[in-house]
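Letters A, B, ... mirror the listed sequences (proteins, then strands); counts begin at 1.
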2 protein chains.
Amino acid sequence: MKKKKNNTPTDSELEILHVLWENGPSTVRFVNDHLNKKKEVGYTTTLKFMQIMTDKLLVRRNTESRTHIYEALVSESDTQSKLLTGFLESTFGGSAMKLVMQALGSHKASKQELDELKELINNIEKNQK
Amino acid sequence: MKKKKNNTPTDSELEILHVLWENGPSTVRFVNDHLNKKKEVGYTTTLKFMQIMTDKLLVRRNTESRTHIYEALVSESDTQSKLLTGFLESTFGGSAMKLVMQALGSHKASKQELDELKELINNIEKNQK
DNA sequence: TTGGAATTACGAAAGAATTCGTAGATATTC
DNA sequence: GAATATCTACGAATTCTTTCGTAATTCCAA
């Protein structure tokens with residue numbers, strides 16, 4: 001029986017993943033500096049998280065040089081998709097439409113974004129036929 | 001200085017709120033029975049949460065009879081909106097459109113739902129002009 | 001080469017969320 | 001009215017997450 005891997009990151013882990021997704025493989029120092037633009041975080045705190053994430057297989061690291069290089073092992077869209085599914089379930093009873101309506105209703109979208117959205121809807125409808 | 005009320009429920013609290021939103025004012029027994037349809041939860045566990053939620057002003061209770069009646073003090077849509085904003089920020093970097101695209105892409109929507117959605121988009125565009 | 005700076009490993013404290021046991025009070029049943 | 005069931009209050013254990021201090025090692029600069 002294969003062990004079910006629990007790949008979903010916690011909030012703090014997610015912040016680190018964002019840095020890795022955006023900047024590619026990075027050192028703890030680099031990630032920590034980035035995080036500190038938003039809020040103060042100790043270096044060893046960031047280090048600890050990245051070690052935990054290595055255990056969880058959210059990232060892997062190259063340890064050839066003394067300063068390790070960390071790389072995301074999970075993709076941004078996969079992770080977003082998983083988190084979205086969980087959020088959808090817990091908050092909107094699993095109804096994606098309710099969530100979409102709520103999101104569109106309370107968060108501004110530009111003309112261009114709305115056009116893209118309509119385009120997407122058209123494609124979905126086309127494939128449904 | 002007024003104290004900032006942190007009204008956002010935790011996951012367990014949210015499950016209880018769903019029961020209250022759906023069924024109206026309820027006893028601990030009723031809520032606990034409902035929760036147990038999905039997963040095993042001890043009675044005093046549910047009770048404890050509802051007491052905590054009373055402190056947090058997420059619910060209020062009528063204590064006239066020995067068996068207290070609990071009632072949601074926060075609305076479903078307000079709560080969803082708050083949780084959505086947080087989730088949007090942490091997972092999608094604040095981009096509602098990315099979330100909407102992801103949600104529509106990976107979760108099925110019916111013809112009717114898509115029509116409603118287009119209707120909503122039209123209204124938004126109309127108001128933007 | 002020696003002392004300071006940077007890095008990793010590790011443990012553990014602190015905080016937050018969840019879960020439940022027990023005690024005491026009140027209601028119900030036989 | 002005695003035994004049983006139900007309910008609230010409360011504290012505390014447990015688990016998960018976050019945060020950091022310290023030690024050991026390696027690198028670098030004067």
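- A:Thr91 places no side-chain N or O within 3.5 Å of a backbone atom of A:Glu89 that could act as its donor or acceptor partner.
- Here the P atom of nucleotide D:dT17 and the CD atom of A:Glu15 are 15 Å apart, to the nearest Å.
- Between the P atom of C:dC20 and the CG atom of B:Leu35 lies a distance of 12 Å, rounded to the nearest Å.
- Of the residues near DNA chain C, A:His68 and A:Lys48, the one whose nearest nucleotide (by heavy atom distance) lies more toward the 5' end is A:His68.
- Taking 4.0 angstrom as the limit, A:Arg61 places none of its side-chain polar atoms (N or O) nearer than this to OP1 or OP2 of C:dT7.
- The distance between atom CD of B:Glu64 and atom P of D:dC7, rounded to the nearest whole Å, is 18 Å.
- A donor-acceptor contact under 3.5 Å is not formed by the side chain of A:Arg66 with the base of C:dT8.
- Residue A:Gln51 places none of its side-chain N or O atoms closer than 4.0 Å to OP1 or OP2 of C:dC10.
- A salt bridge links B:Lys118 to A:Glu125: one of the charged nitrogens lies within less than 4.0 Å of a carboxylate oxygen.
- Within the 4.5 Å cutoff, the side chain of B:Tyr70 has no heavy atoms near those of the B:Leu58 side chain.
- Atom CE in B:Met53 sits about 14 Å away from atom P in C:dT19, given to the nearest Å.
- Side-chain contact between A:Glu113 and B:Met101 is absent, with no heavy atoms from C-beta onward closer than 4.5 Å.
- Note on A:Arg29: a side-chain N or O is less than 4.0 Å away from OP1 or OP2 of C:dT7.
- Map A:Glu40 and B:Tyr70 each onto its nearest nucleotide of DNA chain D; the residue landing nearer the 5' end is B:Tyr70.
- Relative to the side chain of A:Thr44, the nucleotides C:dA9, D:dT25, C:dT18 differ in distance, and C:dA9 lies closest.
- In this structure, B:Ser12 reaches the sugar-phosphate backbone alone: every heavy-atom distance under 4.0 Å involves primed, P, OP1 or OP2 atoms, never a base.
- Taking atom CZ of B:Phe49 as the reference point, atom P of D:dC10 lies 18 Å away to the nearest angstrom.
- In this entry the distance linking CG of A:Asn62 with P of C:dT7 reads 16 Å, nearest Å.
- Atom CE in B:Met50 sits about 17 Å away from atom C1' in C:dC20, given to the nearest Å.
- In terms of phosphate contacts, B:Thr45 brings no side-chain nitrogen or oxygen within less than 4.0 Å of OP1 or OP2 of C:dT18.
- Look at B:Thr10 and you won't find any side-chain N or O under 4.0 angstrom from OP1 or OP2 of C:dA17.
- Across the protein-nucleic acid pair, B:Leu47 atom CG and D:dT8 atom C1' stand 6 Å apart, rounded to whole Å.
- Between the side chain of A:Asn62 and the backbone N or O of A:Ile69 there is no donor-acceptor pair closer than 3.5 Å.
- Residue contacts shown for A:Thr67 are limited to sugar-phosphate atoms, with no base heavy atom under 4.0 Å away.
- At the phosphate of D:dT8, OP1 or OP2 sits under 4.0 Å from a side-chain N or O atom of B:Tyr43.
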